[in-house]
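What follows is a short report on a single structure.
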Number of protein chains: 2
Amino acid sequence: MQKKWVTMGDVARAAGVGKITVSRALSTPAKVSAATREKVAAAVAELGYVRDDTAGALSSQRSRVVGAIVSTFDQPTFASTIRGLSEGLAQGGMHLLLGTTQYEPQTEAELVATLMGRRPDALILTSSEHRPETRALLTRAGLPVVELWELPDAPIFAAVGFSNRAAARAMTDHLVHTGRRAIAFLSTDRAHDTRAHMRAEGYAEALPGHAPRILRLPPRADATGPDYGSQGLAQIMETWPDTDAVVCVSDALAIGAFCEAGRRSLDVPGKLAITGFGDVPEVGASALGLTTIRIDGHAIGRKAAALTLAATSGQPLPERRIDMGFSLTRRASS
Amino acid sequence: MQKKWVTMGDVARAAGVGKITVSRALSTPAKVSAATREKVAAAVAELGYVRDDTAGALSSQRSRVVGAIVSTFDQPTFASTIRGLSEGLAQGGMHLLLGTTQYEPQTEAELVATLMGRRPDALILTSSEHRPETRALLTRAGLPVVELWELPDAPIFAAVGFSNRAAARAMTDHLVHTGRRAIAFLSTDRAHDTRAHMRAEGYAEALPGHAPRILRLPPRADATGPDYGSQGLAQIMETWPDTDAVVCVSDALAIGAFCEAGRRSLDVPGKLAITGFGDVPEVGASALGLTTIRIDGHAIGRKAAALTLAATSGQPLPERRIDMGFSLTRRASS
DNA sequence: CCGACTCATGGTATCGATACCATTCTTGCG
DNA sequence: CGCAAGAATGGTATCGATACCATGAGTCGG
């Protein structure tokens, strides 16, 4: 193989010093005299040298890489979490290695395995349901693992999120208190979307004594959030014609439901209240006047990054379950 | 340092073979007899072994990592591009290392340098404006570099995108042909957002002989897309009261403008047409009836992944500038 | 003036894998 | 039966950095 990259040895020769001195000049400049520091800097600039951090990771046993596994990119809220993570980790000199599971535990298991192959210093998971073999792999490695967007009772290592159950419950309570009598819940039906399941439970808890009206639509490859919302509302009004409120599991579904209500000339909020979940500014929830649960995805990402940096630098963590809360934003749709 | 990870040597000992045989059993199973293959598999399972791919990268000089640098996560369309990339690369056994520049060339330069430190097999950039030192670093390394979302005349290596200029021009033409006389253009004012600049140029080209009405709002830390849209429309109607159409540089701005129009009781599309750019289903442009330019961000990501896989496996590329096109979706707002 | 100490620097082993070459053992064919 | 070809396996050097220990020069206090 022909020589492709400039190495530390090349720089050392050009600067007339030992390569270990080059290493120090780059990592811990304080330990090197000003004169050599400058010689090294000149050689680096002249040769266009970029240190090979993977080799450094091998010998120092610290990769400065964090693996992140998210369920999906389709919910735009996750994008802001990734952004927060990426920003926060960059400040600590760490990089983000990314993968998506599409809510498949099998995919998650494979991704965890391939990401571990890169020897990350920590892992971030947006899910708290894991296969036994995944858990085994994670605990065996002894890595800091931060679970996001949920608050499991016993996190593997730490968790940053909020109670999906409490949030859905709060939303349903709000509808009950504003006089709604026949409240339905609309969701996509992914077996391993625990966040959606917790929200459905929160909804049901707020309606003791009532028969819950839960519609779960099977996922289709060609459908996007709003498609499920439209189709779902149609199906709900057919099954339970007296429904006067629909709690949607996400803003995307609520947006679709909103459109369908328009097509059916159902007055919102007069005849029907519609609520969402997420509230990312860029997504038109506010423009449409959608009542929704606001989650600060960016803050979750930043907090997770801070936790990760603390854990990898050996600091003790004050807390393992960090509740970032949620807030109910009431707008015109309820 | 205490021993943390199981190594290939441990597996070899447990299986009673040489470690090179373990390597072959995992990478090229065909070169190993069925009996040893099973012994190795058993040892791997028993010890919970995960191969260290960074060490492998060091000796094979192929990291199977692709670095991606995006301008921002705030435009949800980028999220779908990242999704396409991540999916496509995963199929080729490659991983995605991510960073964001926030439209700062300085940040881009730093990110390119730190990402190169991880010795990626390729780089993906969502921008085609680069600092001279960044270009030098990139060409010196001889890496495949794929630029996304634009179509520069001379890509560093390859580009997958569409003509922002042609798209904005098509939108403006549409407005002219539907009888609009006083068309304004609304954008945020980021010096290095070349996509926005190209769109402004396309807009101006479609109005020969007219004085273009371009409003650029300075970016603020606390503002999101819709905020600029609202504020921008207010300012436009004040500066040019007879404006009867606004071409917004993104859907997020259009959504904000839409709200502001409602607050001012400006009839859309009667008195004022509003158009956007992007059209991600989850964002609700369709629900609001927004006329917009549809870009298939996911397809751009997939295509870029395919190109990257081809380039890293040494295949010749049939094309270096791939135009993924755009389509104008007319809805109620124009 | 000398021992103890700090500061700057270098040498060598090591991290965990793969590349390359060598070796052994089969197998087929003249 | 003998030899060449090929399959399976192993040994050793190597990738490019850092860790650890050693060394030599200069400084300070007794």
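Lettering of chains follows the sequences in order, A, B, ..., and the numbering in each one begins at 1.
Phosphate contact (OP1/OP2 of dG16(C), side-chain N/O of Tyr49(B), threshold under 4.0 Å): absent. For dT18(C), one of the phosphate oxygens OP1 or OP2 lies less than 4.0 angstrom from a side-chain nitrogen or oxygen of Arg51(B). Contact between the side-chain N/O atoms of Thr36(B) and the OP1/OP2 oxygens of dA8(D) is not found at any separation under 4.0 Å.
Residues His192(B) and Glu104(B) bring no donor and acceptor atom of their side chains to less than 3.5 Å of each other. Side-chain atoms of Glu110(B) and Gln106(B) include a donor-acceptor pair closer than 3.5 Å.
Which of dT18(D), dT18(C), dG16(C) sits closest to the side chain of Thr7(B) comes down to dG16(C). When distances run from any side-chain atom of Leu58(A) to the nucleotides dT9(D), dG16(D), dA19(D), the shortest one goes to dG16(D). Out of dT9(D), dT18(D), dT9(C), the shortest distance to the side chain of Thr21(A) is found at dT9(C). Comparing atom distances between the Ala55(B) side chain and each of dA17(C), dC15(C), dT9(D) picks out dA17(C) as nearest. For Ser23(B), the listed nucleotide lying nearest its side chain is dT18(C); candidates were dA17(D), dT18(C), dG16(C). Closest approach to the Gln61(A) side chain among dA17(C), dA19(C), dG16(C) is made by dG16(C) (side chain taken as heavy atoms from C-beta onward). Considering only side-chain atoms of Ser33(B), the nucleotide from dA17(D), dT18(C), dA8(D) that sits closest is dA8(D). Comparing dG16(D), dT18(C), dG10(D) against the side chain of Val17(B) picks out dG10(D) as the nearest.
When heavy atoms are screened at a 4.0 angstrom cut-off, Arg24(B) is found touching base atoms of the nucleic acid. Across all strands, Thr54(A) comes closer than 4.0 Å to no nucleic acid atom at all (heavy-atom distances).
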Legend entry - Working for side-chain contact (heavy atoms from CB on, under 4.5 Å), residues Arg119(A) and Val50(B): CA-CA 9 Å; Arg119(A) 298 293 186 266; Val50(B) 178; 3.9 Å; yes
Inset, instruction - Please report the C-alpha distance between Trp5(B) and Tyr49(B) in whole Å, then the side-chain angles of each, then the deciding distance to 0.1 Å, and finally whether the ring-ring contact (aromatic ring centres under 6.0 Å, His included) criterion is met. - result: CA-CA 8 Å; Trp5(B) 294 90; Tyr49(B) 172 66; 9.4 Å; no
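As a whole-Å value, the separation of Lys39(B) NZ from dG10(D) C1' is 13 Å. Remark: P of dT9(D) and CD of Glu38(B) are 12 Å apart, rounded to the nearest angstrom. Between Lys19(B) atom NZ and dA19(C) atom C1' the separation is 12 Å, expressed in whole Å. The separation between Asp10(A) atom CG and dA17(D) atom C1' is 13 Å, rounded to whole Å. Regarding Ile20(B), its CD1 atom lies at a distance of 12 Å from the C1' atom of dT14(D), rounded to whole Å. Between the CG atom of Asp52(B) and the P atom of dC15(D) there is a distance of 18 Å, given to the nearest Å. Nucleotide dA19(D) holds its P atom 10 Å from the CZ atom of Arg62(A), rounded to whole Å. Going from atom CZ of Arg37(B) over to atom P of dA8(D) covers 9 Å, rounded to whole Å.
Nucleotides of DNA chain D nearest to Val22(B) and Ser59(B) differ in position, and the one nearer the 5' end is that of Val22(B).
Between the side chain of Arg119(B) and the base of dG16(D) there is no donor-acceptor pair of N/O atoms closer than 3.5 Å.
Taken from NE2 in His95(B) to CG in Leu98(A), the straight-line distance is 10.0 Å, to the nearest 0.5 Å.
Each of Val11(A), Val17(A), Val44(A) was checked for a side chain to side chain contact (heavy atoms under 4.5 Å, CB included) with Lys39(A), and the lone residue meeting it is Val17(A).
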